Amino acid sequence: MVSLNAVLGVATMLFGIGLYGLLQRRSLVAMLISLELMLAAVSMNVIALTSRAGADASMGQVVVLILIGVAAAEAAVALSLFVAIHRSAHTIDVEQLSEMKG
Amino acid sequence: MSGPIQAALLAQAAPLAASAAILLGLRRHPAAAAAVAIAALGAGFAASTYLVLAVANGSAMAQAVWLPMADGRGLAFGVLLDTLSTTMALVVSAVTLAVMVYSLGYMAGDPGFARYYGFLSLFAAAMLGLVLASNLLQTLVFWELVGLASFLLIGFWFDRPGPAAAARKAFIMTRVGDVGFLLGVLLLIRTLGNATIPELVAQAGPGGAFSPRFTAIVASLLLMGVIGKSAQGPLFTWLPDAMEGPTPVSALLHSATMVAAGVYLVARLHGLFAAAPDVMRVLLWVSLVTAVAAATMAMVAEDIKRVLAYSSISQLAYMLMALAAGSVAAGFFHLVTHAGFKALLFLSSGIFIHHAHSNAMREIAAHSPTRQRAATIGLVSGSLALAGVIPFSGYFSKEAVLATLGVHAGAAALVLAYLGAGLTAYYAARMVFLTLRGGQQHGSPTAPHPTLAQQAAATMMGVPVLVLSALTLILGWTGSWLAARLSPGAEPHAALELGAGPLTALALAGLGIALAWREYGAKGAARTGFVDRFPALRAFFADNWYLDRLYGASVVRAAGWLSRAARWHDQQVLDGAGDGLAAGTTRGGRMLARVQGGQVQMYVAIAVAVLVALAVWLAYAEGLR
Amino acid sequence: MSDLPLLTLLVLCPFAGLVAVLLIPGRYAQALRIAAALSALASCVVTALIVRAFDAHAAGYQLVERGAWLPEAGIGYHVGVDGLSLPLLVLTAIVYLTGVLVMWELELRVKEFFAFMTLLVTGVFGVFVSLDLFFFLFYYEVAVLPMYLLIAVWGSTRKEYGAMKLTLYLLAGTALVVPAVLALYVTATVHTFDLTQLAHAGFSPTVQRIVFPFLFLGFGVLAGLWPFHTWSPVGHVAAPTAVSMLHAGVLMKLGAYGILRVAMTLLPEGAAYWGHTAALLATINIVYGALVALSQTDLKFVIGYSSVSHMGIVLLGLATMSVDGINGAVMQMFSHGIMTALFFAAVGFIYDRYHTREIARLGGLSRAVPVASAFFIIAALTGAGIPGLASFWAELLVFLGALRTWPVLAVIVVGALIVTLAYSIRVIVLAFFGEPREPHPVVADITPFLSLPRAILAAVLLVLGFYPRLILDVIDPAARAFVEALR
Amino acid sequence: MNPGTLVFGISAATALVGALLAVGLRNIFHNILGFALAMLGVAGVFLGLGSDFLAAVFVLVYVGAVAIAMVYAVMLSHPLDQPARPRSAAKVWGAAGLAAGAAAALWMLVRGAPWAAGPPVEPVGAAGIGARFLTDYVLAFELISVLLLVAMMGAVMVARQNREGTGRW
Amino acid sequence: MSRAWALLPEASLVLTGLMIFAALMAGEQRAVLARRAARAGSVILLAACVASRGVPLVIFWGTYRVDAFSQLVKLAVAAGFALSVLIARDGEGQRADARGELFFFLLTSASGLMVMASAVEAVALYLALEIASYSLFVLVPLRERFPRGKEAGLKFVVVGLASSALTLYGLSLLVGLAGSTRLAAIAASPALVTGSPVALFGLGLFAAGFLFKLALFPFHFWAPDVYEGASHGVAAFVATASKVAALAIVGRLVAAAGPATASLAMALALAAAIAMTLGNLVAIGQRDVKRMLAWSAVAQAGYIAVGFAAFTAAGIAAALFYGLVYLVMNAAAFLVVARVARDGANPSLDDLRGLHRRAPLLAATLLLALFALAGVPPTAGFVGKWLLFRAAMAQGWWWLVLLGAINSTVSVYYYLIAVKHAYLLPAEDEGAPIALTWVDRAACLALCGALLILGFYPTPVYDWAAGAADALLR
C-alpha cells in the first residue's frame with residue numbers, strides 16, 4: 001500500500017505547481033489551467049485522506065465528485081468571461097488588464 | 001452698634017445703586033444722572049460723617065459668609081468700623097462730593113456726562129467699600145474695582161489716543177503690584193483659613209500664630225500692591241500718564257483718594273507690617289527715594305497736571321515714610337491734609353485748563369489766569385500747603401512726618417526727606433510762578449462776556465475750590481485730634497513747636513521758594529530752571545528717570561517677544577505638527593494605495609504570502625502536533 | 001412636580017426642537033426660528049424646574065432616572081444631576097437660548113442650521129445628565145459632530161479647514177477615551193458602564209495609572225488642553241456666532257466635565273499619580289494661551305486663545321483635587337461659559353456690521369456702537385478677572401487650591417494675570433477706544449432685541465460676580481463629597 | 001516494489017510532469033495538453049487508491065470536457081498571432097519562490113498531522129456513492145446542480161454577443 | 001405552527017425565481033417585468049423571513065438547520081436583496097441585454113447566501129457560497145459604457161477562484177482531520193479541540209472564501225475594482241447582502257474554532273488591524289464615491305474582524321449586530337450614489353456638490369449613512385462599534401481597540417469630505433433637482449429611520465444577534 005504521506009506529498013506539489021502557474025502565467029487560460037491543477041490537488045488530498053483504513057471512503061468520493069462539478073462550473077464561467085474580455089479588450093494578457101488601481 | 005453698620009452699608013450701597021441706575025438707565029439724561037449721583041454720594045457723605053461721630057473708639061464688625069471655602073466655614077465679608085476706617089471714609093466721601101459738584105461745571109456739555117457720573121459713583125462705591133472692608137480679600141476686590149474705575153475714568157475720553165493708552169498703562173502697571181497683593185491674600189487665606197483684618201493683624205502681632213518669616217513674606221507681597229497702587233518705587237510711571245483723564249478725576253482718584261489706598265492699606269494692616277521690620281525698612285527707603293525722585297521730575301515738568309502728579313507721588317511717599325517709620329497718625333495726617341490740598345490744586349488747575357484748553361503752564365499763563373479768582377486763590381494756597389509753609393495744612397502734616405522720621409529712621413533718611421521737602425517747595429513755587437506770572441498776553445485778551453450757563457459752571461467749580469482753600473487752613477489743626485483718634489495711647493504730637501526740625505524745614509521751604517522766584521517769578525526772570533542748564537539731567541528727570549524706556553526695552557519688549565514666540569510656536573510647531581500628521585496620513589494613504597497596483601496576480605500572491613506566514617506562525621506558536 | 005422625569009425631559013427639549021425644525025418646510029424661516037427659540041425656552045423652563053427640585057444641601061445624584069437598555073452589554077439608561085453638573089445645565093440652557101436669539105438674523109439655510117444646533121444641544125444636555133458611560137460618550141459625540149457642518153457651512157475665515165481640524169482633533173480625543181472606558185469596563189469587577197457602580201469598582205493602582213492619562217488627554221483635547229488646543233482658536237474663528245458661543249461656552253466644558261466626572265471619579269489614584277503632570281499642563285495652558293492671545297490680530301483669535309488660557313484654570317482647579325479647586329473649576333466652567341458666549345455674541349455683532357474682525361482695521365467702536373461695545377468690554381473685563389464679575393471668584397478659588405498643592409505653579413499662574421489683563425485691555429484699547437483706523441460704514445447700534453441675549457449673559461456675570469454663593473452653594477456640597485470620595 | 005506502488009509512482013510522476021508542462025510551456029495548446037496529461041496522472045493515483053469510479057469520471061470530465069472547452073476558448077480568444085512578450089525574471093522567481101514556500105509550509109503542516117481514525121469501513125462502489133448522494137449529501141447534490149445551472153446560464157449571458165435587450169436563450 | 005413554516009423563505013425564493021424566470025420569457029418587456037417580479041418577490045421574501053421567525057427546523061439529515069442564526073442572516077439577505085433591487089431601478093448601468101437577467105442572478109446569489117446561512121455541512125456551505133459568488137461573477141463584467149467593468153469582473157473572478165481553491169484545500173484538510181464534513185464534527189474533532197496547527201490552518205484556509213466575500217485583508221483586493229466596476233445595483237448587493245452573509249459564516253467558523261485558539265485570534269487581530277488602517281488610509285485619496293465606499297468597506301471588514309478576534313459569544317453577537325447595521329448604512333449610501341449618478345455612471349465627489357439643494361432627502365440620507373459608517377452617534381454605527389470594541393477589549397485586545405478608535409478618527413476625515421461636497425460646495429452648473437419616486441423617498445426615510453432607531457434603541461435587534469450567536473455556540 002502506498003503511504004499516506006506520499007500521496008499527500010504529490011498533492012502538495014501539484015498544488016504548488018498550480019499556484020506557481022496562477023501567479024506567474026499571463027494568459028488567463030493558463031491561469032485557469034493552474035487553478036484546475038490546484039483543484040485536482042485538493043481532490044487528491046481528499047481521496048488520500050478518506051481511502052485510508054478507518055476513513056469514510058464513500059464520503060470522500062462524493063466530495064470529489066462534487067469538486068469535479070465545481071471545476072466544470074468554474075471553467076464555464078471563467079472561459080466565457082475570458083471570451084468576453086477578449087472581445088472588448090482584445091487581449092487576455094492579465095498584465096495588461098490592470099487599469100484599475102489605487 | 002447696628003446703626004453705624006447700617007450707615008456703613010448705606011454709604012457703599014447708595015453710590016453703587018446710583019452707578020447702576022445711571023449706567024443702565026440714565027445714560028441719555030445727564031442732569032438726572034448728576035442729581036442721582038450727587039444725592040447718593042451726599043447720603044454717603046452724611047453716613048460717613050455720622051460714622052466718624054459714632055465711632056469714637058474701639059471697633060465694630062459685621063460679616064456674612066460670601067464665599068464657601070474648603071474649611072467648611074467660608075470667607076465672611078462685611079464692614080469693619082473703627083476710627084481709621086471711618087475717618088478715611090469721611091475723607092473719601094468729602095473729596096468725592098467736592099469733585100462731583102465741581103464736575104458739574106467742568107464736565108458740563110460733555111457728551112459722556114452721564115457716563116462720567118456713573119463711573120464716578122462706581123468709584124465712590126468701590127473706594128468706600130475698600131475703606132470699610134472687614135476682610136482683606138474684600139479689600140482686594142474693591143482695590144481692583146477702584147482700579148477698574150480708574151481705568152474707565154482715565155480713559156473717559158476713550159476716543160482720543162492719549163487717554164486710551166494712559167488708561168491701559170495704568171491698569172496693567174497697577175495689576176503688576178496687585179498680583180503680589182493677591183498672592184499675599186491667598187497666602188493668608190491658605191494659612192489662616194480666612195483674611196479677616198483684625199484677626200490677621202492679631203495673628204501677625206506678638207503671640208500670634210504667624211512666624212516672622214511668614215509675616216515678612218506676606219507683608220512684602222502686600223507691599224507690592226501698595227507700591228503699585230500708590231505709585232511708588234519702580235511702579236509709579238503710570239500716574240503722570242494718568243493725567244490724560246479729566247482733571248476732576250485726577251484730583252479725586254489720582255491724588256486724593258485712590259492712590260492713597262495703598263497708604264490706607266499699610267495703615268490698616270500696620271500691626272502686620274510692624275511685625276515685619278525688614279519689609280518696613282524696604283518701604284522706608286523705597287518711599288524716600290521715590291519722594292526725591294518724583295520731586296526732581298516735578299521740577300522739570302511743563303504740564304501743570306504732571307507737576308501735580310509727580311508731587312502726588314512724592315507726597316504719597318512721605319505718607320508711607322511715616323508709616324514705615326512707625327507712625328500711623330503722622331502718615332494718615334499727611335494723607336488727610338494732602339487729600340485736601342492736592343484736590344484743591346487739581347481743581348484749581350482744572351479751572352485754568354478749562355479756560356486755556358491746555359495743560360501747559362506757559363500756555364495757561366498766556367490766558368490771563370489771574371482773572372480766575374477762585375482758581376488763583378486755590379492754586380496759591382494749595383501750593384503753599386504743598387510747599388509746607390506755615391500755617392497751611394501741609395506744613396503741619398509734613399512736620400509730623402519729619403518728626404517721626406527724626407525719631408525712628410536715622411540721619412540718612414532724614415536728610416533725604418528734607419531734601420525732598422526743599423525740592424517740593426521749589427517745584428510748587430515754580431508751578432505757581434510759571435502758571436500765574438506773565439506770559440505775553442496772547443490768546444483772548446478780551447474774553448467774551450460769559451453766558452449764564454458759563455457763570456453757573458464757574459460757580460459750580462469755584463465753590464468747591466474755595467471750600468477746599470479754606471480747608472487748607474483748617475485741616476492743619478486736626479493733627480492732634482486725628483492722633484488721639486487713631487492711636488489713643490500715643491503721645492500727641494505738638495502742632496506748633498518750633499524746634500530745630502520745623503525750622504530747618506521752613507528754611508528749606510523758603511530757600512526753595514526763593515530759588516523759584518529768582519528763576520521764574522521775578523520780573524525779567526529767564527523762566528528756566530537751574531536743571532535746564534544740564535540737558536542730560538533735565539532729560540533724565542523729564543523722562544521719568546528713563547524708567548519707562550527701561551520697561552519698554554526690557555519687560556514690554558520681552559513680553560512682546562515671548563508672545564510672538566509663543567504664537568510662532570503655536571502656529572508652526574503645534575499646529576504644524578497637527579497639520580503634518582494629517583498630511584502624513586494622507587501621504588501614507590497614497591503610498592499604501594500603490595499596493596493596489598492593478599496586477600491581480602500580485603493580489604493573489606499577497607494573500608498566499610499572508611497565508612504562508614499564518615501557517616508558519618501557527619506551527620511556531622502552537623507547536624507541530 | 002418631582003415625579004416628572006425632568007432630566008429626560010430636558011434632553012428631549014432640544015430634541016423636540018430638532019424634530020420640529022425638521023418637520024417645518026425650509027421656506028418658513030421665521031417659523032423655524034420660533035421653533036428653535038421655543039425649544040430653547042422650554043429647555044430653560046425645565047432647567048428652572050430642575051433647579052427648583054434640586055436640594056442643594058444633599059450630596060449625591062438627584063432626580064435620578066434609570067432604565068434597562070442593553071443589560072447584556074452592561075449598558076443602562078441612567079441619568080442624574082448633582083451640584084457639579086447642575087450649573088452646567090443652567091449654563092447650557094442660557095447659552096442655548098441666547099445662541100438662538102443671537103442668530104435671529106440668519107438667513108442662509110435656516111432650517112439646517114437650527115437642526116444641527118438643536119442636535120448639538122441635545123448632545124450637550126445628554127452628557128451633563130448621563131451617568132452611564134455609554135450614554136455619556138454617545139451624547140458626547142452627538143455634540144461634536146454637528147460642529148463640522150455648523151462651522152463649514154455657516155462659518156467664515158478658513159471655515160473648512162477650521163471645521164475639519166476641530167472635528168478631527170475632537171474625535172481623536174474620543175479615540176483615546178473610548179478604549180480607556182472599555183478597558184475600565186473590562187477590568188472592573190462589575191461589568192457595567194454605570195458610573196456610580198464603576199466608582200466603587202476599586203481599580204488597581206496599575207490600571208488607574210495606565211488608564212488615567214488616556215481619559216485625561218482624551219477629554220483634555222476638548223477642554224483645550226495644551227498642546228492639543230490648536231483646534232480651538234482656529235475653530236472659534238471659523239465658526240458662526242452662536243456656534244462659537246455654544247462651542248467655547250459649553251462644548252469645551254464637556255471635556256473638563258469628562259475629566260471631572262469620568263477620569264477623576266473613577267480613577268482617583270491615577271489622578272493623584274498624574275496630578276503633577278496635569279497641573280503642569282494646565283499651567284502651560286494658562287500662561288501660553290495668554291501669551292499667544294497677546295499678539296493676535298483677529299478679535300476672535302484673541303478670544304480663542306483666552307479660552308485656552310481660561311480652560312487652563314479649570315484644569316488646574318481640577319488637578320488640585322481639593323474642595324477649593326473643584327469649586328473654582330466648576331464655577332469657572334460656568335462663568336467662562338457665559339463670558340465667552342458674551343464675547344462671541346459681541347464680536348458676532350461687530351463682524352456682522354463691519355465685516356471684519358481685524359483689530360488693526362477697527363478702533364473707536366465704543367463711539368460708534370457704544371452698547372454693543374459695552375458687552376464686549378464686560379466680557380473682556382470678566383476674562384481679565386476683575387472682581388464684581390463672575391470669573392474672579394472662580395479663579396480665586398482655583399488659585400487658592402493650587403497654592404495649597406503646588407505653590408510654585410500657583411505663583412506662576414497668578415503672575416500670568418498680568419498678561420491676561422494685558423491682552424484684554426489691549427483689545428479694548430485698540431479696537432474699542434481711540435479713533436477708527438479706516439473709514440467704516442455708519443452702522444446703527446445694536447437693537448434692543450439683539451441686545452437681549454447679550455444682556456442676559458452680562459447680567460449673569462454681574463450677579464454672580466456680586467454674590468458668588470448663588471452658584472457656589474450648589475457646587476460646594478457636591479465638591480465636598482467629590483473630594484471626600486477621592487480620598 | 002509492489003504493483004500498487006508502481007502504479008502510484010508512474011501516475012504521480014505523470015501528474016507532476018503534466019502539471020509542469022501545463023504551467024511551464026509557452027504555448028497555450030501545449031499547456032492544455034500538459035493539463036490533460038496531469039489529469040490522467042491524477043486519475044491514475046485515484047485508481048491506485050481504489051477509487052476506480054472516480055478515476056473514470058475524473059478523466060471524463062477533465063480531459064473530455066474541461067480541456068476541450070479550454071481549447072474552444074483559446075481558439076476564440078487567444079491572439080496567437082501576437083509574439084509573446086518575454087517573461088519577467090522577477091515575476092518568475094517570485095512566483096516560484098512563493099509557490100515553493102507555500103508548498104513547503106503546507107507540507108510541514110500536513111506531514112505529521114493527526115488525521116482522524118475511526119472504525120474500518122467496507123470498500124465502496126458506485127452504489128455506495130449514490131446512496132450517500134441521496135442521504136446526507138442530498139443538499140450538496142441539489143446545490144451542485146443549481147451551481148451548474150447558474151454557471152451555464154451565466155456563461156451564456158456573459159459570452160453572448162448580441163447587444164439588444166431582447167435576446168432569448 | 002407547522003415545521004414547514006420555517007421553510008417559508010426558501011419557498012419564497014423558489015417562487016420569486018419562477019416569477020423572474022417567467023418574466024424573462026416575455027419578449028420586449030422582459031426587463032421591466034423582471035424588475036417588477038423581483039420587486040414583488042423581494043417583498044414576499046422579506047415578509048416570509050419575518051413571518052418564519054422563531055420556527056426552528058433541521059432537515060436533510062442534519063445538514064440544513066433553520067435557527068435564530070440562519071433566520072437573522074436570511075432576513076438580512078432578504079433586506080439586502082430588496083434594497084439592491086430597489087437601487088438597481090431598471091438595471092441602469094447594466095449592459096442592455098442583461099438588465100432582466102440582473103434580477104435573476106441577484107436572486108440566485110441571494111438564494112445561495114440564504115442556503116449558506118442554514119448549511120451546517122462544509123460541502124454544502126461551500127457550494128452555497130459558490131452559487132452566490134458565480135451569480136455575481138457573471139453580473140459584474142456586464143457593465144454598460146464602462147470598459148473597465150470587464151477588468152473588474154476579471155479581478156473578481158481570479159481572486160474569487162483563487163480563494164475558492166484555498167477554501168477547498170482547507171476543506172480537504174478538515175475532512176482528513178475530522179473524518180466528516182459536518183461542521184459540528186469538525187468543531188468536535190480532537191485535532192481542532194487540541195489546537196493542532198494543521199487543524200487551525202485548515203480552518204483558516206476554509207475561511208478564505210468567506211473572508212474573500214467579506215473583503216477582509218488579505219482577500220480584499222477585488223473590492224475597490226468591483227465596487228467601481230459593477231453597476232449600482234450589483235455593487236450594492238455585493239456591499240450589503242453578500243457581505244453580511246459572509247460575515248455570518250465567518251462567525252460560524254469562529255464559533256467552530258472554539259475558544260482555545262489564541263494564535264488564530266492573533267492572526268485575525270493582525271488582519272483586522274491591517275485592514276482598518278489600509279482601508280481608511282487609502283480611502284482618503286479616492287475621488288470616485290463608489291471606490292471610496294469600497295475602501296471604507298475594507299476598513300469596515302477590519303472593524304468586524306475586531307469583534308471576531310475576541311472569539312467569544314459577545315464578539316460574534318457584536319459582529320452580527322454590526323453586520324446588520326452595516327447593511328443598512330451601506331444600502332443607504334448606495335441608494336444615494338445610485339440616484340445621484342447620471343445614466344448609471346459612477347458619481348465622483350464632485351457630482352455630490354450641491355446635493356443638499358438638489359435633493360435634501362438624499363443629502364440627509366448620505367449624511368446619516370456616512371456618519372454611521374464613521375461610527376458617530378446617534379446613528380447605529382456608534383453602538384455597533386462600541387459593542388465590537390467592547391467584546392475585543394474584554395479579551396484584552398486593547399491595542400486593537402485603540403487602533404480601531406484611531407482609525408475611526410481617520411475615517412471621519414474622508415467621510416466628512418464627502419459630506420462637505422454634499423452640504424457645502426455648490427454645484428458647478430446649479431445642478432438640477434434630482435427627482436425621486438415615492439419608493440425612493442420611502443426607502444430613504446426607512447433607512448434613516450433604521451439607522452437612528454438602531455442607534456437609540458438597539459436592544460431588540462442586539463438581543464436577536466446575541467441569540468443567533470448563542471445558537472452558533474450551542
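Order of the sequence lines fixes the chain letters, A, B, ..., with proteins taken first and strands second; residue numbering starts at 1 for each chain. Worth saying up front: this structure is predicted, and the values here are computed from it rather than measured.
Here the closest heavy-atom approach between residue Pro68(B) and residue Leu472(C) is recorded as CG-CB, 3.4 Å. Across every non-hydrogen atom of Ile172(B) and Ile425(C), the tightest pair is CD1-CB, 4.5 Å. Minimum heavy-atom separation, Val292(C) to Ala566(B): CG2-CB, 3.5 Å. Arg190(B) approaches Arg404(C) most closely through the heavy-atom pair O-NH1, 3.6 Å. Residues Phe432(C) and Phe158(B) come closest through the heavy atom pair O-CD1, 4.0 Å. Shortest non-hydrogen contact noted between Leu291(C) and Ala559(B) is CD2-O, 4.4 Å.
At a 4.5 Å heavy-atom cutoff, the contact between Leu182(B) and chain C is made by side-chain atoms alone. Contact annotation for Val65(B): both backbone and side-chain heavy atoms come within less than 4.5 Å of a heavy atom of chain C. Residue contact with chain C, scored on non-hydrogen atoms closer than 4.5 Å, involves the backbone and the side chain of Leu186(B) alike. In this structure, no portion of Phe301(C) lies under 4.5 Å from any heavy atom of chain B. Proximity to chain B (any heavy atom under 4.5 Å) is shown, for Ile475(C), by neither the backbone nor the side chain. Heavy atoms of Phe142(B) lying under 4.5 Å from chain C are absent altogether. No part of Ser322(C) comes within reach of chain B, as not one of its non-hydrogen atoms sits under 4.5 angstrom from that chain. For a residue to count as touching a neighbouring chain, one of its non-hydrogen atoms must lie under 4.5 Å from one of that chain's; by this rule Arg27(B) touches chain C with the side chain only. Heavy-atom distances place no part of Pro233(C) under 4.5 Å from chain B, backbone and side chain included. Heavy-atom distances place no part of Val419(C) under 4.5 Å from chain B, backbone and side chain included. Residue Pro436(C) does not touch chain B at all, counting heavy-atom pairs closer than 4.5 Å. Both the backbone and the side chain of Ile418(C) come within less than 4.5 Å of a heavy atom of chain B.
For Arg367(C), the side chain to side chain donor-acceptor pair (under 3.5 Å) partners two or more places apart in sequence, or in a different chain, are Asp159(B).
Between atom CD1 of residue Ile428(C) and atom CZ of residue Phe151(B) there is a gap of 5.0 Å, rounded to the nearest 0.5 Å. Here the straight-line distance linking atom CG of Leu152(B) with atom CG of Leu381(C) works out to 7.0 Å at 0.5 Å rounding. The distance from atom NE2 of His229(C) to atom CG of Leu574(B), rounded to the nearest 0.5 Å, is 5.5 Å. Separating the OG1 atom in Thr585(B) from the CG atom in Leu168(C) is a distance of 9.0 Å, to the nearest 0.5 Å.
Proximity to chain C at a heavy-atom threshold of 4.5 Å picks out Leu137(B) from residues 128-138 of chain B, in numerical order. Contact annotation for residues 389-396 of chain C against chain B (heavy-atom separation below 4.5 Å, listed by residue number): Phe392(C), Trp393(C), Leu396(C).
Not a single donor-acceptor pair under 3.5 Å links the side chain of Arg175(B) to the backbone N or O of Leu421(C). Here the side chain of Arg564(B) pairs no donor or acceptor atom with the backbone of Ser295(C) at under 3.5 angstrom. Judged by distance alone, the side chain of Tyr305(C) and the main-chain N or O of Arg567(B) form no donor-acceptor pair under 3.5 Å.
Here ring pair (Phe, Tyr, Trp, His ring centres under 6.0 Å) pairs that include residues 396-424 of chain C, with residues two or more places apart or in two chains, are His276(C)-Trp406(C).
When Leu430(C), Leu417(C), Leu462(C) are compared by the number of non-hydrogen pairs under 4.5 Å with chain B, Leu417(C) comes out ahead. Of the residues considered (Val234(C), Val483(C), Ile386(C), Leu403(C)), Leu403(C) shows the highest number of contacts with chain B, using heavy-atom pairs under 4.5 Å. Per-residue heavy-atom pair counts under 4.5 Å with chain C were compared for Gly147(B), Gly162(B), Ala164(B), and the maximum is reached by Ala164(B). When the candidates Gly388(C), Ser366(C), Gly364(C), Ala422(C) are compared by the number of heavy-atom contacts under 4.5 Å with chain B, Ser366(C) comes out ahead. With chain B as partner, the option from Ile326(C), Val411(C), Asn327(C) having the largest number of non-hydrogen pairs under 4.5 angstrom is Val411(C). In terms of heavy-atom pairs under 4.5 angstrom with chain C, the leader among Arg115(B), Arg168(B), Glu144(B) is Arg168(B). Ranked by heavy-atom pairs shorter than 4.5 Å toward chain B, the options Asp324(C), Asp473(C), Val323(C), Val287(C) are led by Asp324(C).
Between Trp157(B) and Phe433(C), the distance from one ring center to the other does not fall under 6.0 angstrom.
The number of heavy atoms from other shown groups lying within 6.0 Å of CZ (Phe466(C)) does not exceed 12.
Under the 30°/60° scheme for interplanar angles, the aromatic rings of Tyr288(C) and His569(B) are found to stand perpendicular.
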